[in-house]
Amino acid sequence: MKKTVLIHGFIAGAILIVMIYFMLWLVGDTNNFDKGESIGYISMVMAFSMVFFGIRSYRDKHLGGSITFNKAFRVGILISLIASLCYVAGWMYYFNFVENHFIENYTSFYVNKLNASGKTAVEIKTEIDAFTTNMKNYKDPAVMSLFTFLEVFPIGLIISVLCALLMRRKPTAV
């Protein structure tokens with residue numbers, strides 16, 4: 001199981017890391033972060049498709065074509081965990097060594113979006129204050145790592161459950 005999990009987890013992680021750089025290239029100097037949101041989620045689902053392939057590979061190559069929900073879920077969740085940790089590492093590298101103006105750019109985008117939202121000045125100020133506090137907290141590497149992990153891991157968790165349900169197969173009677 002270890003080899004299957006590692007291979008598929010690192011492939012999924014590599015897809016997620018490549019998508020970080022692609023998405024940020026796509027946004028470019030426009031600072032229009034809405035542009036890449038749907039593509040970002042599609043790429044996460046694409047990366048976590050490795051959960052399906054990992055479970056299937058393990059079931060067919062190592063378990064003779066049968067697998068329980070529990071075993072399939074463990075394979076899937078481990079693949080998701082590795083991929084999510086790779087994503088965190090890729091983002092931390094990008095944030096600290098490639099683009100150190102992300103917070104300023106994202107704050108500018110968010111404030112402009114709020115100002116154009118039609119909300120009252122009090123609502124806008126309240127949201128900006130909360131956002132500013134969150135961005136100050138985000139500068140802490142532990143908080144940044146946790147938030148980044150929680151961006152992708154829940155998707156991997158859901159896909160792991162779905163794949164485990166779909167891939168489970170009882171042994172055939174001989």
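- Closest approach of Met167 and Ile55 over heavy atoms only: CB-CG2, 3.6 Å.
- Formation of a donor-acceptor pair under 3.5 Å by the Ser117 side chain with backbone atoms of Leu114 is found in this model.
- We find the CD1-OG distance between Ile155 and Ser160 to be 11.5 Å, quoted to the nearest 0.5 Å.
- To the nearest 0.5 angstrom, Arg169 atom CZ is 8.5 Å from Ser66 atom OG.
- Within the model, atoms CG of Leu146 and CE of Met144 stand 12.0 Å from one another, a figure rounded to the nearest 0.5 Å.
- In this structure, Cys86 SG and Ile15 CD1 are separated by 11.0 Å, a value rounded to the nearest 0.5 Å.
- Between Trp91 and Phe95, the angle of the ring planes lies from 30° to 60°, which puts this pair in the tilted group.
- Using a 4.5 Å cut-off between side-chain heavy atoms of Ile, Leu, Val, Met, Phe, Trp and Tyr, with links allowed through other members, Ile67 and Phe69 fall into the same hydrophobic cluster.
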Next on the checklist: Before you tell me yes or no, could you show the steps for Val88 and Ser84 under side chain to side chain contact (heavy atoms under 4.5 Å, CB included), namely the whole-Å CA-CA distance, both residues' side-chain angles and the distance that decides it to 0.1 Å?
Outcome noted: CA-CA 6 Å; Val88 170; Ser84 298; 5.7 Å; no

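- Checking side-chain atoms of Ser145 against main-chain N and O of Pro141 turns up a donor-acceptor pair under 3.5 Å.
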Checklist entry - So Tyr87 and Glu151, side chain to side chain contact (heavy atoms under 4.5 Å, CB included) or not? Walk me through it. => result CA-CA 9 Å; Tyr87 180 76; Glu151 262 178 54; 2.6 Å; yes

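- Checked against the 6.0 Å centroid threshold, Tyr106 and Phe131 count as a close aromatic pair.
- Between Asn115 and Ile124, the shortest heavy-atom distance links the atoms OD1-CG2, 3.6 Å.
- Taking CZ of Phe48 as the reference point, atom CG of Leu16 lies at 5.5 Å (rounded to 0.5 Å).
- Both Met1 and Phe53 belong to a single network of hydrophobic side chains, linked directly or stepwise wherever heavy atoms of I, L, V, M, F, W or Y lie under 4.5 Å apart.
- Under a 3.5 Å cut-off, the side chain of His62 and the backbone N or O of Tyr58 do not form any donor-acceptor pair.
- When hydrophobic clusters are built by joining Ile, Leu, Val, Met, Phe, Trp and Tyr residues whose side-chain heavy atoms come closer than 4.5 Å, directly or via intermediates, Ile158 is not grouped with Ile82.
- In this structure, Tyr93 places its OH atom where only 12 or fewer heavy-atom neighbours from other residues, nucleotides or ligands lie under 6.0 Å away.
- Closest of all the heavy-atom pairs between Met19 and Ser43 is CG-CB, 3.3 Å.
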Checklist entry - Between Thr148 and Phe153, is a side chain to side chain contact (heavy atoms under 4.5 Å, CB included) present by the stated rule, with each step listed? => result CA-CA 9 Å; Thr148 305; Phe153 184 74; over 6 Å; no

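- Residues Ile42 and Leu157 do not share a hydrophobic cluster, clusters being chains of Ile/Leu/Val/Met/Phe/Trp/Tyr side chains in contact below 4.5 Å.
- Neither Leu166 nor Ile159 shares a network with the other; the hydrophobic side chains, linked directly or stepwise wherever heavy atoms of I, L, V, M, F, W or Y lie under 4.5 Å apart, form separate groups for each.
- Between the CG atom of Leu78 and the OG1 atom of Thr4 there is a distance of 11.0 Å, given to the nearest 0.5 Å.
- Across Ala12 and Ala47, no two heavy atoms sit closer than the pair CB-O, 3.3 Å.
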